[in-house]
Amino acid sequence: MVTNAHRHTHTQLIRVHVTVTHQQATVSVADDRPWAFPTPTEPAALCRERAQEGGRGLMLVDSLARAWGFTVYGGRSPRLKAVWFTLAQVEVEVEAEAEARAEVRAEGGETG
């Protein structure tokens, strides 16, 4: 996303903000070009088949992130746009880990 902000907006200041909790991480990349919207250009399957070096960033974000999007700031006179994504542990993995811990406790004679 930082590369996209640099390449496509020619902004002089790129801001990166990261928020991390036990359940998820959210990354936000802001620039001063509020109307340069990010859009994936091809389905992820087509990008993977090609040997191209660029153009796959948003496709990767789209396929890996729990959610992603952009927010325009500044009301009637927008001054800033932030593109963000959230990575989170898949619930199935969480359930599998809980089951594995329960099995280990049961095998070791632990309770609770």
For [X] versus [Y], what's the shortest heavy-atom pair and its separation?
X	Y	answer
D31	R33	OD1-N, 2.8 Å
V2	I14	O-CD1, 4.0 Å
A5	V29	CB-CG1, 4.3 Å
D32	Q12	OD2-N, 4.3 Å

Any heavy-atom pair between the side chains of [Y] and [X] that's under 4.5 Å?
X	Y	answer
N4	R7	no
T71	K81	no
P78	W35	yes

Determine, step by step, whether R15 and L80 satisfy the side chain to side chain contact (heavy atoms under 4.5 Å, CB included) criterion, reporting the C-alpha distance in whole Å, the side-chain angles of both residues, the deciding distance to 0.1 Å, and the verdict.
CA-CA 10 Å; R15 301 157 193 90; L80 188 71; 3.0 Å; yes

Within a 6.0 Å radius of atom NE2 on H8, are there more than 12 heavy atoms belonging to other residues, nucleotides or ligands?
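Yes - once you tally the heavy atoms of other residues, nucleotides and ligands closer than 6.0 Å, there are more than 12.
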
Would you say that more than 12 heavy atoms from the other residues, nucleotides or ligands in this model lie under 6.0 Å from the CZ of R79, or not?
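Atom CZ in R79 is not crowded, with 12 or fewer foreign heavy atoms closer than 6.0 Å.
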
Let me check something: do [X] and [Y] share a hydrophobic cluster, defined by ILVMFWY side-chain heavy atoms less than 4.5 Å apart, either directly or through other members?
X	Y	answer
L64	V18	no
W84	L60	no
V16	L58	yes

Quick one: do M1 and V61 satisfy side chain to side chain contact (heavy atoms under 4.5 Å, CB included)? Show the steps, please.
CA-CA 9 Å; M1 290 186 165; V61 168; 4.0 Å; yes

Tell me yes or no: between the side chains of T26 and T86, is some donor less than 3.5 Å from an acceptor?
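Yes, because at least one side-chain N or O of T26 sits under 3.5 Å from a partner of the opposite role on T86.
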
